[in-house]
Amino acid sequence: MDWKSLNFAMDYLASSGTVFSVEQRLATQSALTLLQQENQFKQLHFIGKILGTENDYWLVCGIGNDFLKDRTYFYSNNPGMDWVMLPQPADDTMELGLACRGHFVGDPTADSETEICPDNADEINDGEDWVTIKEEERLSATVMAIMNECAVVPRGALIKNANGLVYENKTFEGLSKLEASQFHSFYHVRRPENPWDRNIVVRADYNLSLDFLDSIACDSPVGCWSIQTDQLETTATLRSLYWPGFVGFHQLDTPRYGWLYMGTGKKNWDVPFMILPPPERLKISVVEGGEFQYEEFKGEDENEAEGMNGFYTGNADDEQQAEEYDEV
């Protein structure tokens with residue numbers, strides 16, 4: 001989220017518990033102004049804050065010419081004074097950093113321990129096979145994981161030109177209420193990991209310059225994201241179950257959107273065991289708009305099957321409808 005819209009975003013995120021004091025807002029904005037001018041970034045996005053037992057880490061991301069490829073990360077224990085560039089984590093550091101179970105301390109030089117199980121052993125004893133990494137390395141792995149899994153934008157907010165350059169779409173006018181309630185209308189801000197033709201199957205209005213990113217509707221398991229709309233139906237709020245503390249918002253029919261992360265920096269690995277699987281009686285095929293299409297009902301009673309034929313149609317991202325049908 002662009003730091004210039006921080007005050008505006010706080011009005012939409014306050015209901016989720018994401019609040020800053022007036023002193024914190026002023027200090028952060030003053031520091032980020034200097035940071036953007038010194039590094040000549042095109043944009044500077046405020047990521048959020050990771051809570052530590054002694055100090056907190058304030059996180060920002062500087063963006064150059066390309067929205068996906070030209071990014072630099074910074075952290076600070078004192079957002080009004082200094083910012084330190086965050087190193088790029090190695091592959092093994094990513095695994096070790098996300099495997100750490102303890103809380104962040106707030107000291108980049110502190111040690112973080114993680115328990116590693118050897119390939120040839122089913123169990124390990126306490127105190128054996130512990131690997132120690134610096135907290136700065138763990139912080140780097142955590143920030144990269146949050147940006148890779150949580151940073152999202154509405155469809156159309158980013159655009160890709162013929163040269164492959166990704167930048168912010170100045171003509172973006174926002175999503176409607178129907179579009180904002182569907183998961184396939186939000187995209188990850190990262191290099192695409194899914195096959196390039198996957199969105200062609202899902203969207204009838206596929207546009208290569210807009211639909212070049214991965215949709216959160218493809219994330220596994222189904223239900224790891226949640227979308228709510230306020231009572232006035234003016235703002236859609238997005239949350240990730242994998243990273244408690246992440247909150248995104250989009251004001252409907254306007255180009256205003258953003259997100260912040262304020263949490264402990266610990267990923268919830270138990271999400272696949274916390275979500276009920278979809279009904280086994282449904283045979284689902286992906287069609288236009290990511291909707292359920294009922295094709296076959298497998299039951300012992302043929303009359304029951306005929307009675308249920310064509311009973312359920314709905315949005316593929318609507319868990320409530322799937323649960324109601326399962327109860328029937």
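Residue numbers count from 1 along this sequence.
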In the single-linkage hydrophobic clustering (I, L, V, M, F, W, Y; side-chain heavy atoms under 4.5 Å), do [X] and [Y] co-cluster?
X	Y	value
Ile275	Tyr242	yes
Leu51	Leu98	no
Leu252	Trp259	no
Val143	Trp269	yes
Ile159	Leu208	no

Is it the case that the side chain of [X] and the backbone of [Y] share a donor-acceptor pair, with hydrogens and angles ignored and the cut-off at 3.5 Å?
X	Y	result
Glu135	Val105	yes
His250	Leu175	yes
Asp92	Leu96	no
Asn77	Gly106	yes
Asn148	Met144	no
Asp214	Glu193	yes
Thr132	Ser112	no
Ser185	Ala180	no
Asn163	Leu165	no
Asn39	Phe41	no

Would you say that [X] contacts [Y] through its side chain, given a criterion of any heavy-atom pair below 4.5 Å between the two side chains?
X	Y	value
Leu44	Ile63	no
Lys267	Glu149	yes
Val152	Tyr257	no
Asp253	Glu179	no
Ile50	Leu59	yes
Val60	Leu32	yes
Cys100	Ile133	yes
Phe104	Tyr57	yes

Handout entry: Salt bridge flag under 4.0 Å for residues Glu168 and Lys42
Key =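 Looking at Glu168 and Lys42, the cut-off is not met.
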Can you see which heavy atom on [X] is nearest to which on [Y], and at what distance?
X	Y	answer
Pro244	Asn268	CD-CB, 4.2 Å
Phe249	Thr235	CB-CG2, 4.2 Å
Phe212	Leu158	CE2-O, 4.0 Å
Gly156	Leu210	CA-CD2, 4.0 Å
Cys218	Asn194	CB-ND2, 3.8 Å
Glu136	Leu86	O-CD1, 4.3 Å

Practice task
Tell me yes or no: between the side chains of Asp211 and Tyr187, is some donor less than 3.5 Å from an acceptor?
Solution key: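 Checked: Asp211/Tyr187 side chains pair up, N/O donor to acceptor below 3.5 Å.
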Exercise for the section: May I ask you to check whether Asp219 and Trp225 show a side-chain donor-acceptor distance below 3.5 Å? Expected result: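 Indeed, the side chains of Asp219 and Trp225 share at least one donor-acceptor pair under 3.5 Å.
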How long is the gap from [atom1] on [X] to [atom2] on [Y], to the nearest 0.5 Å?
X	Y	atom1	atom2	result
Tyr73	Ser140	OH	OG	9.5 Å
Leu178	Gln182	CG	CD	4.5 Å
Gln88	Thr72	CD	OG1	9.5 Å
Cys150	Phe246	SG	CZ	5.5 Å
Leu238	Ser226	CG	OG	7.0 Å
Arg239	Thr237	CZ	OG1	5.5 Å

Practice task
For atom CG of Asn161, decide whether the heavy atoms of other residues, nucleotides or ligands shown that lie under 6.0 angstrom number more than 12.
Solution key: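 More than 12 within 6.0 Å, yes.
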Problem - His45-Phe67 aromatic ring centre distance below 6.0 Å - result: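 Yes: the rings meet the under 6.0 Å criterion.
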Practice task
Please determine which of Trp83, Phe74, Tyr75 meets the side chain to side chain contact (heavy atoms under 4.5 Å, CB included) test together with Trp58.
Solution key: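 That would be Trp83; it is the only one of Trp83, Phe74, Tyr75 passing the side chain to side chain contact (heavy atoms under 4.5 Å, CB included) with Trp58.
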Practice task
Using the side chain to side chain contact (heavy atoms under 4.5 Å, CB included) rule, take His188 and Ile216 through it: C-alpha gap first, then chi angles, then the decisive distance, then the call.
Solution key: CA-CA 7 Å; His188 287 285; Ile216 66 173; 3.6 Å; yes
Practice task
Measure the acute angle between the ring planes of Trp243 and Tyr261, then classify it against the limits of 30° and 60° as parallel, tilted or perpendicular.
Solution key: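 Aromatic pair Trp243/Tyr261 classed perpendicular.
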Problem - Pair Gln36-Leu34, side chain to side chain contact (heavy atoms under 4.5 Å, CB included): steps then yes or no - result: CA-CA 6 Å; Gln36 184 173 5; Leu34 296 176; over 6 Å; no
Practice task
Please assess Val189 against Leu68 for the test side chain to side chain contact (heavy atoms under 4.5 Å, CB included), listing each intermediate value before the final yes or no.
Solution key: CA-CA 7 Å; Val189 186; Leu68 300 182; 3.8 Å; yes
